[in-house]
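Report on the following structure.
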Amino acid sequence: MSSLRRTEIASLLKEATINEDVLIKGWVRAFRANRFIALNDGSSFGNVQVVVDFENFDEDLLKEISFHSCIEVLGTVVESQGAGQKYEVVAKEIKVLGASNPDEYSLQPKKQTLEFLREKAHFRMRTNTFSAVFRIRHAIAYALHKFYHDRGYYYMHTPIITGSDAEGAGEMFHVTTFSPDNAPRTEDGEVDYKKDFFGKQTNLTVSGQLQAEIAALALGKVYTFGPTFRAENSNTTRHLAEFWMIEPEVAFNDINDNMDLAEDFSKYLINFILDNYPEDLAFLEKRILDMEKQMPKEQRRPMPLIETLRFVVDNEFERITYTDAINLLRNSKPYKKGKFEYDVEWGVDLQSEHERWLVEKKFKKPVIVVDYPKDIKAFYMRQNDDEKTVAAMDVLFPGIGEVIGGSQREERHDLLVKRMQEMDVPEEELSWYLDLRKFGGCPHAGFGMGFERMVLFITGMSNIRDVIPFPRTPGNAEF
RNA sequence: GCCUCUUUAGCUCAGCUGGUUAGAGCGCCGGACUGUUAAUCCGUAGGUCCUUGGUUCGAGCCCAAGAAGAGGCGCCA
């Protein structure tokens with residue numbers, strides 16, 4: 001068509017030279033009045049408007065310019081006569097790269113529900129909503145690397161296939177080359193994993209934490225970022241069987257440093273998106289506001305999306321001990337009026353309704369709860385001097401709940417061994433983990449942030465399946 | 001895993017107390033119009049009422065079982 005190099009729409013929208021010829025390619029978002037094509041190539045939220053003098057184009061060609069068809073346009077940049085945009089491109093030549101028969105195409109140029117689009121995961125990224133979500137998802141991933149790199153952390157790749165099942169973070173997916181029908185058996189009739197690929201039973205990782213601790217005790221400050229798998233039968237808007245987790249682990253940090261890091265990190269990610277993706281955020285915010293118009297007032301968000309994000313970065317997270325949280329809850333109105341479904345009692349984990357009350361009603365901002373009873377937390381968390389609690393923390397966000405869970409790790413060998421025995425954690429399997437306490441151990445701390453939960457919070461979406469391109473949930477592994 | 005709700009046109013939904021030919025908006029298609037921004041106006045087509053079984057003179061509607069989807073809870077990130 002032309003020897004011109006393709007101009008990306010993002011750069012065209014940023015700075016265009018009047019009367020210059022450009023070559024653009026993209027997918028048709030709308031074709032109005034047989035004259036105006038809204039073209040998008042994914043490089044930005046904004047579309048470029050292509051103006052077609054339909055009198056000068058072949059009718060059959062114009063017919064092929066349909067919703068989400070892919071076209072190439074050679075045209076001239078001019079100042080727009082219309083109100084919606086500064087520049088537009090007057091088409092000289094149009095070539096259809098990929099037609100899309102509107103009779104058969106399952107997406108339509110109208111509002112469609114997220115549930116419907118979820119079933120069309122191969123097309124849903126072409127919508128405004130999902131392209132905005134996935135641009136932001138990318139940007140959060142970039143920002144997290146930048147945050148840690150700029151602060152001298154090392155990105156550590158922990159294994160996806162693990163040989164230990166002692167991490168205690170949930171049900172695991174087994175990894176095997178055996179066929180379920182005729183796996184080798186031992187004399188007792190058990191599956192003989194000694195004959196399996198790795199010579200032992202292996203699983204998909206549920207956390208990179210234990211390995212990250214190895215790295216932290218050598219490189220000082222490290223983080224992991226990778227896929228994590230939980231075979232829990234969780235059917236909620238905030239659980240996935242395959243999700244991504246960020247796990248910093250820092251030598252010499254105590255629980256307070258850990259809380260500082262969690263807060264700084266969360267705010268950095270939110271700020272990065274506020275600074276760099278205002279258009280996408282504005283669109284997502286408007287989408288929610290439109291949707292909420294049909295909802296009763298009490299179900300609406302207390303603040304629009306961008307205001308919520310600003311509020312979170314501008315205010316300190318509330319820090320409160322588990323014990324104080326219990327006291328607050330027991331003195332709360334819903335508790336006294338018997339509105340809570342579950343009882344509030346020291347030693348029992350906070351239920352969703354209790355966390356929601358703390359975050360959404362009492363403090364109205366992210367809350368960090370620390371010093372949980374040791375019996376409801378993992379074996380590796382550091383015992384506090386009261387001998388009843390451990391230096392564990394959860395960071396709770398409005399609307400989502402737990403986004404971060406972390407702790408100072410137990411670095412005292414004898415105490416760790418005692419705890420493992422109490423909780424029936426096999427010492428032999430974790431001898432390497434105990435070695436870290438025997439040979440040059442030190443206080444250290446870290447946490448895990450659910451990546452998709454952060455994406456949920458920043459985009460304001462309500463179902464976690466809509467912030468990962470190809471969600472894996474119980475009964476669903478399409479695409 | 002538990003509880004609740006939903007399933008009717010391509011999509012989103014309405015459908016009265018069980019009663020004749022199941023409707024609307026949007027989308028698609030055809031036409032009109034042509035500086036539009038969710039364009040507008042007119043018109044056409046489009047249905048396994050989720051599936052199976054039952055009750056009934058008669059079932060989209062009632063009953064039973066199953067399937068799929070959504071939400072809440074639990075587990076957690």
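Predicted model only: the values in this text are computed from it and were never measured. Every chain is numbered from 1, with letters handed out A, B, ... down the list of sequences.
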Euclidean distance for [atom1], [N] against [M] (whole angstrom):
{"N": "rC11(B)", "M": "rG74(B)", "atom1": "C1'", "answer": "35 Å"}
{"N": "rU52(B)", "M": "rG23(B)", "atom1": "P", "answer": "23 Å"}
{"N": "rU48(B)", "M": "rA9(B)", "atom1": "C1'", "answer": "13 Å"}
{"N": "rU40(B)", "M": "rG35(B)", "atom1": "C1'", "answer": "14 Å"}
{"N": "rC50(B)", "M": "rG60(B)", "atom1": "P", "answer": "10 Å"}

Kindly compute the distance separating CD1 (I320(A)) from NZ (K362(A)), expressed to the nearest 0.5 Å.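 These two atoms lie 8.5 Å from each other.
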Electrostatic pair [X]-[Y], nearest N-O below 4.0 angstrom:
{"X": "D394(A)", "Y": "K377(A)", "value": "yes"}
{"X": "R419(A)", "Y": "E422(A)", "value": "yes"}
{"X": "D254(A)", "Y": "R382(A)", "value": "no"}

Does [N] have OP1 or OP2 under 4.0 Å away from a side-chain N or O of [X]?
{"X": "Q108(A)", "N": "rC26(B)", "value": "no"}
{"X": "R32(A)", "N": "rU36(B)", "value": "no"}
{"X": "T113(A)", "N": "rU12(B)", "value": "yes"}
{"X": "S234(A)", "N": "rG1(B)", "value": "no"}
{"X": "R465(A)", "N": "rG71(B)", "value": "yes"}
{"X": "R118(A)", "N": "rA68(B)", "value": "no"}
{"X": "N463(A)", "N": "rG71(B)", "value": "yes"}

Looking at the side chain of [X], which of [options] is the nearest nucleotide?
{"X": "A30(A)", "options": "rU37(B), rA39(B), rC73(B)", "value": "rA39(B)"}
{"X": "F54(A)", "options": "rA77(B), rU34(B), rC75(B)", "value": "rU34(B)"}
{"X": "E88(A)", "options": "rA77(B), rG35(B), rG25(B)", "value": "rG35(B)"}
{"X": "N34(A)", "options": "rC76(B), rG10(B), rU34(B)", "value": "rU34(B)"}
{"X": "H239(A)", "options": "rG71(B), rA77(B), rU37(B)", "value": "rA77(B)"}
{"X": "A33(A)", "options": "rU37(B), rA39(B), rC75(B)", "value": "rA39(B)"}

Within the 4.0 Å heavy-atom criterion, would you say [X] contacts the bases, only the backbone, or no part of the nucleic acid?
{"X": "A83(A)", "answer": "base"}
{"X": "T236(A)", "answer": "base"}
{"X": "N233(A)", "answer": "base"}
{"X": "E115(A)", "answer": "sugar-phosphate"}
{"X": "S80(A)", "answer": "base"}
{"X": "Q351(A)", "answer": "sugar-phosphate"}
{"X": "E355(A)", "answer": "nothing"}
{"X": "G405(A)", "answer": "sugar-phosphate"}
{"X": "F36(A)", "answer": "base"}
{"X": "E104(A)", "answer": "nothing"}
{"X": "K120(A)", "answer": "nothing"}
{"X": "I404(A)", "answer": "sugar-phosphate"}
{"X": "R29(A)", "answer": "nothing"}
{"X": "Y342(A)", "answer": "sugar-phosphate"}

Considering only heavy atoms and no angle criterion, is a donor-acceptor pair shorter than 3.5 Å present between the side chain of [X] and the base of [N]?
{"X": "Q112(A)", "N": "rU12(B)", "value": "no"}
{"X": "R35(A)", "N": "rC33(B)", "value": "no"}
{"X": "E171(A)", "N": "rG1(B)", "value": "no"}

For rG71(B), the Watson-Crick or wobble counterpart (both distances under 3.5 Å):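 Here rG71(B) is engaged in a pair, and the nucleotide opposite it is rC3(B).
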With both distances under 3.5 angstrom, what nucleotide forms a Watson-Crick or G-U wobble pair with rC62(B)?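 rG54(B) - that is the nucleotide pairing with rC62(B), both distances being under 3.5 Å.
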Which of parallel (below 30°), tilted (30 to 60°) and perpendicular (above 60°) describes Y155(A) and Y223(A)?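 Aromatic pair Y155(A)/Y223(A) classed parallel.
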If only side-chain N and O atoms count, and only distance matters, is there a donor-acceptor pair under 3.5 Å linking N384(A) with T389(A)?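 Their side chains do contain a donor-acceptor pair, which is all the 3.5 Å distance test asks for.
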Judged by modelled atom types alone, do R319(A) and N256(A) share a side-chain donor-acceptor pair under 3.5 Å?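 There is no such pair between these side chains.
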For the residue pair T473(A) and H239(A), establish whether any side-chain heavy-atom pair is separated by less than 4.5 Å. no
Are the ring of F243(A) and the base ring of rA77(B) both nearer than 5.5 Å at their centres and tilted by less than 30°? yes
